[in-house]
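Here is the structure we will look at.
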Amino acid sequence: MGMEESAGGAARQAKESLELAFQMSQILDTGLDRHTLSLLMALCDRGANPEALAALVRELSSTAPPSAAAPTAPASNAVAAPTAPSLFPSGFRQL
């Protein structure tokens, strides 16, 4: 097996893992989007404490402004808000 095949298999496995985690997240009604979930998984992969991350997500979710949790209808000339707000700034990129 070559390096390209190995990298392709790892990427496919990571995508499948994220999809499974996202499906579980939806069933549990966490409100996390794929991007945020991907960031949290990457932090865990790098040694972050999952319980501490869960506490942080709960804290940030409870202090989020109501307008971020339930986007209102945009004005006729406004750009529509994203359907699932992220808990992280848009400057973060999916790993």
Side-chain angles (χ1 to χ4, degrees):
M1 180 182 275
M3 287 181 62
E4 288 180 17
E5 292 173 353
S6 178
R12 184 172 40 259
Q13 184 177 3
K15 186 175 181 178
E16 289 172 1
S17 294
L18 176 60
E19 186 57 33
L20 178 61
F22 180 69
Q23 288 175 6
M24 291 170 53
S25 173
Q26 293 294 100
I27 291 168
L28 296 171
D29 196 26
T30 65
L32 298 174
D33 60 13
R34 278 184 179 88
H35 179 76
T36 303
L37 195 55
S38 173
L39 291 171
L40 292 169
M41 290 173 68
L43 289 169
C44 288
D45 287 345
R46 285 163 177 74
N49 181 332
E51 291 179 13
L53 287 174
L56 176 64
V57 168
R58 278 192 293 272
E59 179 67 24
L60 291 173
S61 296
S62 69
T63 61
S67 61
T72 59
S76 60
N77 62 352
V79 177
T83 56
S86 176
L87 296 174
F88 294 92
S90 60
F92 285 96
R93 297 281 183 227
Q94 185 174 358
L95 301 174

Seminar exercise, completed: Met41 and Ala21 have their tightest heavy-atom pair at SD-CB, 3.8 Å
Seminar exercise, completed: Nearest heavy-atom approach of Phe22 to Leu32 is CE1-O, 3.5 Å
Problem set entry | Reported CG-to-CD distance for the pair Asp33 and Gln26, which is rounded to 0.5 angstrom | 9.5 Å
Do any side-chain atoms of residues 47-60 form donor-acceptor pairs under 3.5 angstrom with protein atoms, and if so which ones, sequence neighbours left out?
unit_1: Asn49; atom_1: OD1; unit_2: Glu51; atom_2: N; d: 2.8
unit_1: Asn49; atom_1: OD1; unit_2: Ala52; atom_2: N; d: 3.3

Exercise. Of all residues at least two apart in sequence or in a different chain, which pass the side-chain hydrogen bond (donor to acceptor under 3.5 Å, both in side chains) check with Thr30?
Worked result: Ser25
Exercise. Quick one: hydrophobic cluster around Met24, which other residues, with the 4.5 Å side-chain cut-off, linked directly or via members?
Worked result: Leu20
